[in-house]
Every structure is written in structure tokens, then in C-alpha cells.
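Heads up, the thing below is written out as C-alpha cells.
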Protein chains: 2
Amino acid sequence: MENEVDGLDKRKAYILATVVYEYIATGEPVGSQALTQKYNLGVSSATVRNEMADLEAGGYLEQPHTSAGRVPSDAGYRTYVDALMSPEELGADERRRIRDEMRDARAQLDEIVEQSSRLLGRLAGNLAFVTKPQSDTQSFRYAQLIWIADRSGIAIIVTSLGVASQSLFELRNDVTPDDLTRLSNALNAHFAGRLLRDCDDRTLTTVTKSCGFGDDMSAAVRAAFVGARTQEQPGISASGAQHLLDQPEFRDVRKLRSILRILEEQRTLYDLVADAFDSPSASVKIGHELGSEELADLSLVTVPYRFGERAVGMLSILGPRRMPYARLLALASGTAETLSERLHDVEVK
Amino acid sequence: MENEVDGLDKRKAYILATVVYEYIATGEPVGSQALTQKYNLGVSSATVRNEMADLEAGGYLEQPHTSAGRVPSDAGYRTYVDALMSPEELGADERRRIRDEMRDARAQLDEIVEQSSRLLGRLAGNLAFVTKPQSDTQSFRYAQLIWIADRSGIAIIVTSLGVASQSLFELRNDVTPDDLTRLSNALNAHFAGRLLRDCDDRTLTTVTKSCGFGDDMSAAVRAAFVGARTQEQPGISASGAQHLLDQPEFRDVRKLRSILRILEEQRTLYDLVADAFDSPSASVKIGHELGSEELADLSLVTVPYRFGERAVGMLSILGPRRMPYARLLALASGTAETLSERLHDVEVK
DNA sequence: CCTTCGCACTCGCTTGCTCGGAGTGCTAAA
DNA sequence: TTTAGCACTCCGAGCAAGCGAGTGCGAAGG
């Protein structure tokens, strides 16, 4: 059926698209007359009324109260995002500005991530957050075991993005600084360039023992690698919450509270993007799709960023369901791209 | 003048104290009748009216509009905090609960600091924030220079609180891993236990050169120490912004925006407590004393916490000017005390 | 001379009301 | 199947009245 979209005939689809578009632009429930006046639909308001009634019956639109205009439902937005809206691209000048602003950050992982969340929050006029690169997708660069006392030391592990993690260890038997250097060299030789998640416990143990160390040292080495893998937990930088205050949907202060709470609990914030991690491309979650009644009138746009070929983290925008999806997707993608490029500046070669 | 406080006779002082107390409790402008009814002042409302008029002339009270009750001015709160209110102490059970909750955090510097800001935010029902220990008040524990290639490496510095900082360096001449180990050992021997801020550039250079290295290596070592000193910048953990929404003074959303903005700019947040760093004990800033029109109807309570004898960071509570000062001071002090204790758990001995 | 009483006056907030505008659904005609 | 017309619904802005809490002041009392 060439002239059907998602089970809607062409006219219905067009009317739905127009309603969503208009509602996103104005924030006011949109009525049949207003629509026919502002857009050239080629039919009268009465026809639009009938179509709107159908769309409401189909679950795409909702009516706040009897004599008001229509507002998109979750399903309405979903159809709009998936099939109706025209994707946006950033202009060359916008790309350039993003790149310029990203240059302000020093070549430090944390700073680059923070800068991109600030930038995205400001450009998008919404709450933006960026997860730091998952450490288990980074690769191992160097390990160094530092001798502190006969039976204790510090293990330092440096990843491809220059994030060092450290862990103290205690041993049952004496070691010398030279022993530790020997083991460091063996680890470096064996694991150089490997993904952290591929540095499995068994191999670590084998390498350690082959240098003549016992169980205590193997355990210490394994713990150090576990620390490096899970280090910085998720690690999220968020920014732009103040923009949410401008949105009329947050006149009601209670909704703000949910957001602030979520903002402070990084755990929850992370859960929101967690399942987007599996998808290689942009993802949009609308209203109840976020899985929480508190967040029911928000939407989330999530875009991955890469280090080399690998997706290592996510940029997200959280805002009212009534958000300019096409525009925000374009902004998030553009920022993700620039962030990906800048990651190479912090790479430990 | 035994019966004068801050230029006010005893009765005026008592009335001022009662007005502030009542206003803090209710949030409503307090009138003369209400006051005489609720508190046993021993005089009639008419007398109170006269006294209130005097207090207003003296700048201690203000009237939102002609036929409303009185509200404390900055000066009124100031007098109350300095001279009138009775200090509060935490009960034994409250202390115990704070200690228990702090135990939930793992023995990691960041986690302990975050936990205390969360805890304080919740207990105080306001925005709380805690600066991480200034690194230049920590002492040097270990340095390790790691060889990466003939002319580059990573310098790792570990402080007394276990915070490692790292910096990459490039050299003009080849070095061997052994060279770097030798230098690491020299640095460790020379600076062990010193405060970071006392590891001055000149001495660093001397030690480096005495191991036979050139200017490039000295510069790298100096840079590494600078990195360790200024590392984590100020570093602030904030929590509890959602409580502010409960305060009636934030019905107006614009005020919230200033706060959210400040919250995201750690710089500003840090500036707020910066000058409290000099004072060894608790400090209170009221309204305009915060130095910004945006923050004019907020107050800030700041209390230092210690590592050993030294004040290394600050706990602060930011909330409406109408805050229970005595209570919040007690809570902040109690939390600071517990935080100070827990710091010893993360000490690298 | 300080305190108290009584009184007239001032505001801001709440409640109730009206009224206009925008939108709907339905019916009948094109 | 589309359109025009019409009666109906509902929200929200605007206005007026009344209430309550509070003030300031002049006169009376200890």
C-alpha cells in the first residue's frame, strides 16, 4: 500500500504530522480550525475534525478536556518520529561552531566529556548528559606495580584513553621492587593493546604464575584489572537542567522534583540509557516508554559516540515529550561526532 | 550595659528573636497580635507594635507591604545568628545515625565525600555540598615514573588520601626504564611525607638533576607535581537540590534557575565557600552577604572538616534565608566530624 | 513617661461570577 | 464523502465583594 503509513492513509498521516509539528512548535493543544488556517490542507475544518476523531480513536491523539484541541499521545509521537518527520541535518556553520567549542576543553577525558554535555545542554536547551567511555571497551596500555613495602604495593593500570586506575594490594610473602618490575613487564608484553574485557582472569593468573608468583599476587593482579574494568562506574556528566525551567510543562513544580532526584542519582540516569547501549544508532524513547510514571511526560534522545570503530558511550537529551525531535537528533549526532574525534586527542598511543 | 545586645535593649532583642524564630518556623510574615498570642511576652500587642516599628527603623525588620506583618532583614537574621539564637547540639541518637549512614560508603575518598553530601542534603532538607580535600593540603606518598617509549612516559603521584594523579610527559633525550625507577626512588626518598604544597619547584629540579637528568625531565617532574596539587580542581559534590522545591520561597521558578545554574558551574559554587576556607570554624552568610543579587534571598552555612589537625575541605548548606540556622549548624558540624573520622580509613599509610 | 485600648484604615487573598473564545460533535445539504 | 451550520462545552481571564490580618495613631490609664 504505497499510500499508507503505519496503518494510516495518507491524509490521516499528514494531519497527524501537522498536529504533532504544530503542537511541538506552540505547546498549545491544536484544534481543527487553527490547523486549516495555518496550514494549507486542502480540506475544511470539519473534515479535519472527522479525521482527528478517527486519530483519537486510533490512539494517536488525546484530548485534555472536551472542548479543547488535540494533543499527541505517546503513540502519536512514536509514529511521528518513526515515519512522519523529516530528518534534519546540521548546517556547516553549526558543525563548525560545535567543533570550535569542543576545542576549548583540554585534552583530558573528563573535561572533554563534560564539555560536550555542557555544549549539548546549551544547544538543545534541555537537560543533556553524557556517559564516560565504558572502561571495559577500552584497551589495556600499561600496567605498573609499585613497591611500597616488602608485602604491599600499588597496581596502576593505564587504558587507551589515559585513564589510570590504582589499587592497593597486600601480599603474604616478601617481594622486591625488581620482582614487581619483572611482572609489570610481563603483563605489558602479554596484554598490550588488548581490550580490557578480554584480559580474563585465567590468563592473568597464568602470566603472573609464570613469573614465579603465588596465589596472593595473582589475586592482586586480578583485582587490579577488575578495578580498571569497572572503574569510574558508569560515570555521567549532566548539564542544562536549568533549561527545563523554561518549558511550560514544568510550571508544575512536582515534575521538576522527579527530574532533580534522577539527576542526583546517577544510577537511575544510567539505567535510562543502559539499553540504548545495545543499539548501534540513535534511539528515542517517548513518555511511558521510559518505564516510569514519573517520567511519563518526558522523552529521551540517545546517540552513541565512538572511539575508533567501537561505540563506547552515549550522549542523551532528556526533555519534555513535546521536544523538537528532528532537531535534537541532529544536534546530538553532531556533538557525538565531534566528541568521537576529540577522543583521539586523549588516546595514549 | 548588661541588658543590651547589639545596641538593642533586652525587650527589643527578645522581640526580634521571637519574630525571627516564628518566621523561620512558619514562613508567614509575623504580626504583633499573632506574636503576643503565641508567645508569652508580658506586654500587649500595641507595645509590640511600637517596638516592631522601632526595629524596622533600625533596619532589623522589613514589611513586605503596608498591611502585612514583619519579616527579618539581612541585618535581623545576622543579629539573630550572632547574638540571639541558642545554639543546638545533636542528640546522641542523631550522631549515631549519621555515623551509621557514613559507614555505608566504601573506603574511597570520592565515595565518602559524596555520601556525606547526600546525607547532609537529606538531613538538612536543603542543598548541601562538600568540597573534596584540597590536594595541596595533602601530603606526598609515592611517585612512580613509568617508561612508555624511549622519550615518553607517565608520571603517577599518590597522595596521603590515596588520590593518584597522572601526567604524560615527552622528553628530548632517550631514557631507560631503569633511569626512571632511579628517579622515582630519589623522589620518594626525598619528599616522603611532605605536604604537596611544600614540594617546591626548586627542590624538585635539584633532586631531578642530581639523578643526572636534564631540563626536560625536571620540567616533566614539576608538571606532574603541579598536576597533583591542582588535581581534581576544587572538586565538589552537591546533593539535595530537590528539597529546595519544597520551600515556599521557590514557588517562583526564576529563583530556581539561578540555583540550578550555580549548581552546574562548580566554579561559582566553589567561590561561595572559598573565603570560608580561611576561617577555622563555622561561618554563616546571609542574603546579600553572598555577594550576588541572584542569591539575595538565600543563606549559606559552611563548616570545615579536617584531616588530622588540618582543615582540608568544607561542608556547606545552601537554602532559603529563612532557614533553621541553629539546627543546620549542628547538622553540618556533626557530619563534618564524622567525615573527618572516616578520612582516616582512606589514608595511605 | 511608658503602656494599653480602641478605632479607622490599608492591603492582599479568596471566592464567586460573568463572559468571550476556541473547540467539538452532530445533522443536513451539496 | 465532504462541507456548512449550529448548539453545546469548557477553560481561563477579568472583575467585585468580602474577609482577615495587620498597621498607625490619639486618648486614656497606671
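The sequence lines fix the lettering, A, B, ..., with proteins before strands; numbering per chain opens at 1.
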Side-chain N,O ([X]) to OP1/OP2 ([N]) below 4.0 Å:
X     : N      : result
B:S32 : D:dT23 : yes
A:R70 : C:dG25 : yes
A:R11 : D:dT2  : yes

(message) Within the supplied structure, the quantity of interest is the number of heavy atoms (other residues, nucleotides, ligands) at a distance under 6.0 Å from B:R257 CZ; does it exceed 12?
(response) yes
Rounded off to whole Å, could you give me the [atom1]-to-[atom2] distance for the [X] and [N] pair?
X     : N      : atom1 : atom2 : result
B:K12 : C:dT3  : NZ    : C1'   : 13 Å
A:E28 : C:dG21 : CD    : C1'   : 13 Å
A:E56 : C:dT24 : CD    : P     : 9 Å
B:E51 : C:dT4  : CD    : C1'   : 13 Å
A:H65 : D:dC11 : NE2   : P     : 5 Å
B:M52 : D:dG24 : CE    : P     : 10 Å
A:L41 : D:dT2  : CG    : P     : 13 Å
B:R49 : C:dA8  : CZ    : P     : 15 Å

(message) Please pick, from C:dC11, D:dG22, C:dT4, the nucleotide with the shortest atom-to-atom distance to any side-chain atom of B:Q33.
(response) D:dG22
(message) Of the options C:dT4, D:dG24, D:dT9, whose atoms approach the side-chain atoms of B:T47 most closely?
(response)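 My answer, after comparing the listed nucleotides, is C:dT4.
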(request) Determine whether A:Q247 and A:M323 make a side-chain contact, defined as any pair of heavy atoms from C-beta on separated by less than 4.5 Å. (result)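 A side-chain contact under 4.5 Å is absent here.
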(request) Taking the side chain as every heavy atom from C-beta outward, state whether A:R321 and A:D74 have any atom pair closer than 4.5 Å. (result) yes
(request) Begin from the C-alpha positions of B:R118 and B:E101 and carry the test salt bridge (Lys or Arg N to Asp or Glu O under 4.0 Å) through to its verdict. (result) CA-CA 10 Å; B:R118 265 199 300 274; B:E101 295 225 28; over 6 Å; no
(message) With a 3.5 Å cut-off and heavy atoms only, can you find an N or O donor on one side and an acceptor on the other between the side chain of A:S67 and the base of D:dT9?
(response) yes
(request) Specify the residue among B:A46 and A:P29 whose closest nucleotide of DNA chain C lies further upstream toward the 5′ end. (result) B:A46
(message) Assuming nearest nucleotide by heavy-atom distance, tell me which of B:V43 and A:A34 is located more 5' along DNA chain C.
(response)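 Its nucleotide being nearer the 5' end, the pick is B:V43.
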(request) State which residue, out of B:E22, B:E28, B:E56, fulfils the salt bridge (Lys or Arg N to Asp or Glu O under 4.0 Å) condition with B:R70. (result) B:E56
